[in-house]
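Reading through the structure tokens given below for one structure.
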Protein chains: 2
Amino acid sequence: MKKIFVILSSMLILAGSAMAQEWANFSRGGDAVVSPELSETSVTFRLSADYATVVKVQPSWLDEPVAMTKGEKGVWSATIDLPYPEIHTYHFLVDGVKVNDPLNDFIQRDGTSYLNMICVPGERSENYMEASKRGTVSYKWYDSKILGINRRVTVYTPYGYDENPKKKYPVLYLLHGAGGDEEAWSSMGRAAQILDNLIEKGLAEPMIVVMPNGNPTQQAAGYMKIPQARPQGTTQAAPQGARGQGGRNNNYVQSLCEEIVPFIESHYRVIAKPEKRAIAGLSMGGGHTLTAVSNYPSLFDYICAMSPAGTITAEGAAALKKDGYKYFLLACGTSDFIFERTVNNEKTLTEQGLEHEYFLSDGGHVWANWRMYLNRLAPKLFK
Amino acid sequence: MKKIFVILSSMLILAGSAMAQEWANFSRGGDAVVSPELSETSVTFRLSADYATVVKVQPSWLDEPVAMTKGEKGVWSATIDLPYPEIHTYHFLVDGVKVNDPLNDFIQRDGTSYLNMICVPGERSENYMEASKRGTVSYKWYDSKILGINRRVTVYTPYGYDENPKKKYPVLYLLHGAGGDEEAWSSMGRAAQILDNLIEKGLAEPMIVVMPNGNPTQQAAGYMKIPQARPQGTTQAAPQGARGQGGRNNNYVQSLCEEIVPFIESHYRVIAKPEKRAIAGLSMGGGHTLTAVSNYPSLFDYICAMSPAGTITAEGAAALKKDGYKYFLLACGTSDFIFERTVNNEKTLTEQGLEHEYFLSDGGHVWANWRMYLNRLAPKLFK
């Protein structure tokens, strides 16, 4: 049995370009230009751009781009002071056009943008890079009858989950903000790295972390190019739900509590009790969190609202107090545009007599804060 | 219990930039510029670059970049004929600097490069986009004693795996080429989409697909920035192993057959029999495949070498024939720089009397071929 087939289509022209792709980073290995280059006190960015007129670099920690200087072989460079320990992003501006650093593949995806990262080492950022014992990150699909679509959810199971087939785990439901998707917390939020490190250090309980997609009309992250489905079986305006401004009729929150939680509890080895369920979210996801604990007050005993773009009503707070909970963290940056709203939420919690931790950092509506809040929250959970 | 904390660090400056990140693709929603724009016969690329002097677009299917024309509001554009149905890539050249399309988040990662994609619809590419029933893609970690490091492997489990807890599945081990990593087949190869579509259409058996990292000194994809570990407990020069040129002492192939296969068979519900194990690989991974079936002839009954950067020796072929197998596919493009080597491999198979299918397409050393080969291979497996 020997068959020979020949497919006829004009693909010859592809050979050159794709061969180059396949062998790309071997040739790059011989490239003398390095970017970014971190020292104890500074970072140097470099870009080969022999024919460009004006080249700048825009670091996320500076308001204005920094002019780069053209050196030998058309390589532009700029050296600036190292910012404080955190993950920061940057991009180049080549004759006014935003350009990523081709020499830096340490990249996060923010919705439709891909951003080059640097991680400045320090106590604050020590849990943001890979631990030595790592959990599993999975992308699963579930059917939402409430939203009328099949949807993608990111699930982190801790190191040892497979090796301990009889052990059951607590679950943290971790919600993203507007513009994000089911990969926001694992990409920008470094959730897997933060949990891996805290668990490895014995500072956090081994837990499952569930990161759903908070945009009710979206099946999955937009880059997957799944044609957007119109939600069926719901009369609610999806964009309103998508913003999740704490409205009691938010159908994503309903799906989270009535579909995602049961899906996780039927597909993973979890301890299906309120004291082993936590919910946390940032911005829009903070609004979703406040709505969830108001509408389903007996579901979660651990609660964290980060820079919440939502409001907890007196009724919601009263309902939560009546059912009880173990821990409530409200966190925000003092220069966050949501700070004033957070002050009002804190006022409601106090007036309704809900014990809570009120954590204020400086800084604004930024991942640098949300990573820090998760790093602070995880050790408090399920203890 | 009400605590107040204030963290002191200068983060105020971050507010602006990161707020912009968080809300980025809402503002982008109002942007009138569209790129890429596909019609029945052409594709139009557009880029806003008011201060650029020369802007071009380089499609992967053309040897030379195409000049773009500056129009209103500094938007450059070029319209070119649509290539044949496949996934193609492109980038812009702004005053000589490679730039991705900021309006196209349909991106694949090739080692250290991120490449914008377009998928031209057609019979050939119909299995490359999302199916309606999708499997789970997981990133797992396993310890390799042979390579002395903890390593990451991508595992695809088919739709229904969780819902059929008593069902056991066959496994395809799918190997990448030089410059790739454990995400190459899921990103550039569209392996999950191809399997989802073939399984949904009833053309392929539901199967688990295991996509390891074929670079022996590498723990995981480079973008994760795990400090490269020196392999312990091995005297073999890792780079030699990394190229996997079919050498019998390739320690990655040893790890694949003696560690990864047992790891998968102890962590998933698999049918642990040769007739339910398949191995396939492209380029360097094709070499790994030929080495694996030569050194472990009784392990896999389904074999596919795609543009193999490796050689099957007469001894290896004889060993395989002695142990027996069910299906052997040797595939290559006639303009592939590995075609001559493939002709020699085919000669060895024929001389040694190994039944095989010899599949020649035109085209070179390109993913367009390897996707097509996987799409052709999967329906032949485990039947």
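Keep in mind the model is a prediction, meaning the values are calculated, not measured. In what follows, chains are A, B, ... by sequence order, proteins preceding strands, each numbered from 1. Computation of the quantities below employed the complete heavy-atom set of this structure, encompassing side-chain atoms and omitting hydrogens, waters and symmetry-equivalent molecules.
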Closest non-hydrogen atoms of Y223(A) and F106(B), given as atom of the first, atom of the second and distance, are O-CD1, 3.3 Å
When the 4.5 angstrom heavy-atom criterion is applied to V97(B) and chain A, the contacting part is side chain
The reported gap from CG in D50(A) to CG in D95(B) (rounded to nearest 0.5 angstrom) is 11.5 Å
Distance col, row Y142(B):OH vs D162(A):CG, nearest 0.5 angstrom, shows 15.0 Å
Bottom line for M224(A): the part with an atom under 4.5 Å from chain B's heavy atoms is both
What one should report as the nearest heavy-atom pair of K98(A) and V99(B) is O-CG1, 3.8 Å
Cut-off 4.5 Å, heavy atoms of chain A, and the answer for E163(B) is side chain
Of W141(B), Y51(B), Y139(B), the largest count of non-hydrogen pairs under 4.5 angstrom with chain A goes to W141(B)
CA sep, side-chain torsions, deciding dist, call: I226(A), M129(B), side chain to side chain contact (heavy atoms under 4.5 Å, CB included)
CA-CA 8 Å; I226(A) 302 175; M129(B) 302 304 281; over 6 Å; no
N116(A) meets the side-chain hydrogen bond (donor to acceptor under 3.5 Å, both in side chains) criterion, sequence neighbours left out, with none
For N150(A) and S132(B), the nearest pair of non-hydrogen atoms, with its separation, is OD1-O, 4.3 Å
Query raised in the report: Is the count of non-hydrogen atoms from other residues, nucleotides or ligands lying under 6.0 Å from K56(A) atom NZ greater than 12?
Result: no
query: Are the charged groups of K225(A) and D105(B) less than 4.0 angstrom apart, N to O?
result: yes
- prompt: Does the side chain of N100(B) come within less than 4.5 Å of Y114(A)'s, by heavy atoms?
  reply: no
If one checks every heavy atom of F92(B) against chain A at 4.5 Å, the contacting part turns out to be neither
Contacts of E130(A) meeting side-chain hydrogen bond (donor to acceptor under 3.5 Å, both in side chains) (sequence neighbours excluded), chain-then-number -> R134(A), Q193(A)
So, the part of S266(B) with a heavy atom under 4.5 Å from chain A: the answer is neither
